[in-house]
Asker: 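Below is the structure I would like to discuss, written out as structure tokens.
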2 protein chains.
Amino acid sequence: MANISTLFVALSDPTRRKLFERLAMRAMPVGELAKGIPVTRPAVSQHLKVLREAGLVAVEQDGTRRIYSLDPKGVELTRSYLDRMWNRALLGFKAAAERTD
Amino acid sequence: MANISTLFVALSDPTRRKLFERLAMRAMPVGELAKGIPVTRPAVSQHLKVLREAGLVAVEQDGTRRIYSLDPKGVELTRSYLDRMWNRALLGFKAAAERTD
DNA sequence: TTGATATGTTAGCCATTGCTTACGTAAGTG
DNA sequence: CACTTACGTAAGCAATGGCTAACATATCAA
């Protein structure tokens, strides 16, 4: 799981992001997630698979239901990628400023 | 520019991410960016347009060349979105833990 | 102006992907 | 056991998107 590509692809779809945002509020089973989202339940399952394989959400079985929740792992990986790029840019700006002296 | 959708869509393509990463190292004109990337220069221009409209890179004209550089704005917006989701999840975990007591 | 350099834009093609419908599966209930 | 509930999977379709080739534009130099 969880290369950068998979993470950004997962978060690039509006429906998937909506699911992700609701799971950030609180853990939920698939059926409840499907309500209030204008796509069918199978579509939700497919989206959850993408989010899960990216490491952005986690599943826990409870009887016949599967409780999905936000997975810190994927969030952290995405954040660290952006931080890395940001730090690179800072170093670059600094180097450029010193060359200007 | 710069709704969350546009940002994640921009970063979800490997070629665009490669351009973004190189611009994080240092500012560059289009021609130099196109070298070392296995797509044609027009494709690079199209990708840069997407990154620019997302607020992830900025342009500055220098004669016939256009120098692209990383734009902190888009990076910051993406980071803050992830932080927001992460904080939501923390609140949720906390509330769930208190209900368990 | 003429030419060269550097870049953006357009049209069209092919692969990807998000959606629905239909089906498969597994855990509870009578 | 049969039945229901909750969910995942597969097939097929329509829309999106990234790519190339060809063209348009703009700046500088001679």
Side-chain angles (χ1 to χ4, degrees), chain A residues 1-23 26-71 74, chain B residues 1-23 26-71 74:
Chain A
M1 73 106 193
N3 47 43
I4 299 292
S5 212
T6 314
L7 285 164
F8 281 117
V9 167
L11 289 172
S12 69
D13 180 75
T15 303
R16 268 196 301 267
R17 219 168 35 245
K18 181 67 182 173
L19 293 170
F20 174 72
E21 291 168 8
R22 292 188 62 190
L23 290 177
R26 61 185 181 81
M28 259 178 277
V30 181
E32 187 176 350
L33 271 172
K35 295 176 181 172
I37 289 198
V39 298
T40 60
R41 189 198 44 75
V44 170
S45 275
Q46 291 168 0
H47 283 310
L48 288 173
K49 182 179 184 180
V50 174
L51 288 169
R52 182 163 33 88
E53 289 178 346
L56 286 164
V57 305
V59 210
E60 178 189 359
Q61 189 132 6
D62 171 39
T64 74
R65 302 185 313 172
R66 308 203 180 177
I67 313 296
Y68 280 81
S69 59
L70 189 139
D71 187 347
Chain B
M1 73 104 193
N3 48 43
I4 298 292
S5 213
T6 313
L7 284 163
F8 281 116
V9 167
L11 289 172
S12 69
D13 181 73
T15 303
R16 268 196 303 266
R17 218 166 36 245
K18 182 68 184 171
L19 293 170
F20 174 72
E21 291 167 9
R22 293 188 62 189
L23 290 177
R26 61 186 181 81
M28 259 178 275
V30 180
E32 186 175 352
L33 270 172
K35 293 176 184 171
I37 288 198
V39 298
T40 60
R41 188 198 45 73
V44 171
S45 275
Q46 292 168 359
H47 283 309
L48 288 173
K49 181 178 185 181
V50 175
L51 288 169
R52 182 162 35 86
E53 289 179 343
L56 287 164
V57 306
V59 211
E60 178 189 359
Q61 189 132 7
D62 171 38
T64 74
R65 301 185 311 169
R66 309 202 179 177
I67 313 297
Y68 280 82
S69 60
L70 189 137
D71 187 345

Asker: Start at the 5' end of DNA chain C and walk down; is the nucleotide closest to A/Ser12 or to B/Val59 reached first?
Answerer: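 Looking at the nearest nucleotide for each, B/Val59 comes out on the 5' side.
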Asker: Can you check nucleotides 13-16 of chain C for protein contacts, nitrogen or oxygen pairs under 3.5 Å, and list what you find?
Answerer:
none

Asker: Please state whether the phosphate of C/dT17, meaning OP1 or OP2, lies under 4.0 angstrom from any side-chain nitrogen or oxygen of A/Arg16.
Answerer: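 It does not, given that no N or O in the side chain of A/Arg16 lies less than 4.0 Å from OP1 or OP2 of C/dT17.
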Asker: Would you please name every residue forming a side chain to side chain contact (heavy atoms under 4.5 Å, CB included) with B/Arg22, sequence neighbours left out?
Answerer: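 If we apply the side chain to side chain contact (heavy atoms under 4.5 Å, CB included) test to B/Arg22, skipping adjacent residues, the hits are B/Lys18, B/Met28, B/Leu33, B/Ile37.
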Asker: Donor-acceptor pair, A/Arg41 side chain versus A/Ala34 backbone, under 3.5 Å?
Answerer: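 Side chain of A/Arg41 to backbone of A/Ala34, a donor-acceptor pair under 3.5 Å: no, none is there.
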Asker: In whole Å, what is the span from the CG atom of B/Leu19 to the P atom of C/dG8?
Answerer: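 About 12 Å, once rounded to whole Å.
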Asker: In chain order, what residues pass the side chain to side chain donor-acceptor pair (under 3.5 Å) check against A/Thr40, with sequence neighbours excluded?
Answerer: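 By the side chain to side chain donor-acceptor pair (under 3.5 Å) rule, A/Thr40 matches no residue at all.
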Asker: Whole angstroms only, please: what is the CG-P distance between B/Leu48 and C/dG8?
Answerer: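 In whole Å, C/dG8 P lies 7 Å from B/Leu48 CG.
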Asker: So which heavy atom on A/Ala54 is nearest to which on A/Leu7, and how close?
Answerer: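 Closest heavy-atom pair between A/Ala54 and A/Leu7: O-CD2, 3.2 Å.
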Asker: Could you list all N or O pairs between the protein and nucleotides 19-23 of chain C that sit under 3.5 Å apart?
Answerer:
from, atom 1, to, atom 2, distance (Å)
C/dC19, OP1, A/Thr15, OG1, 3.1
C/dC19, OP2, A/His47, NE2, 2.1
C/dT20, OP2, A/Thr40, N, 2.8
C/dT20, OP2, A/Thr40, OG1, 2.9
C/dT20, O4, A/Gln46, NE2, 3.2

Asker: Please produce a list of atom pairs where a protein N or O lies less than 3.5 Å from an N or O of nucleotides 25-30 of chain C.
Answerer:
none

Asker: Carefully, step by step, assess A/Asn3 and A/Thr6 under the rule side chain to side chain contact (heavy atoms under 4.5 Å, CB included).
Answerer: CA-CA 6 Å; A/Asn3 47 43; A/Thr6 314; 2.2 Å; yes
Asker: Quick one: list whatever passes salt bridge (charged side-chain N to carboxylate O under 4.0 Å, His left out) with A/Arg65, sequence neighbours left out.
Answerer: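 Residues passing salt bridge (charged side-chain N to carboxylate O under 4.0 Å, His left out) with A/Arg65: A/Asp62.
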Asker: Verify, without hydrogens or angle tests, whether B/Arg52 (side chain) and B/Tyr68 (backbone) share a donor-acceptor contact under 3.5 angstrom.
Answerer: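 Checked: no pair found.
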Asker: Whole Å only: how far is the CD atom of B/Glu53 from the P atom of D/dG17?
Answerer: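 In whole Å, D/dG17 P and B/Glu53 CD are 12 Å from each other.
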Asker: Return no unless some side-chain N or O of B/Tyr68 is found under 4.0 Å from OP1 or OP2 of C/dG8.
Answerer: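 Indeed, a polar side-chain atom of B/Tyr68 lies that close.
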Asker: Atom CD1 of A/Ile67 to atom P of D/dG8: distance rounded to whole Å?
Answerer: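 For the pair A/Ile67 CD1 and D/dG8 P, the rounded distance is 11 Å.
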Asker: Between B/Ile67 and B/Pro29, what is the shortest heavy-atom contact and its length?
Answerer: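 Looks like CD1-CB, 4.0 Å.
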Asker: Can you check whether A/Leu23 reaches A/Ser69 side chain to side chain, under 4.5 Å on heavy atoms?
Answerer: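 Not in contact.
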Asker: Please lay out, stage by stage, how B/Leu48 and B/Val44 fare under the test side chain to side chain contact (heavy atoms under 4.5 Å, CB included).
Answerer: CA-CA 6 Å; B/Leu48 288 173; B/Val44 171; 3.9 Å; yes
Asker: Quick one, A/Ser5 with B/Arg17, criterion side chain to side chain contact (heavy atoms under 4.5 Å, CB included). Give me CA distance, side-chain angles, the key distance, then yes/no.
Answerer: CA-CA 9 Å; A/Ser5 212; B/Arg17 218 166 36 245; 3.0 Å; yes
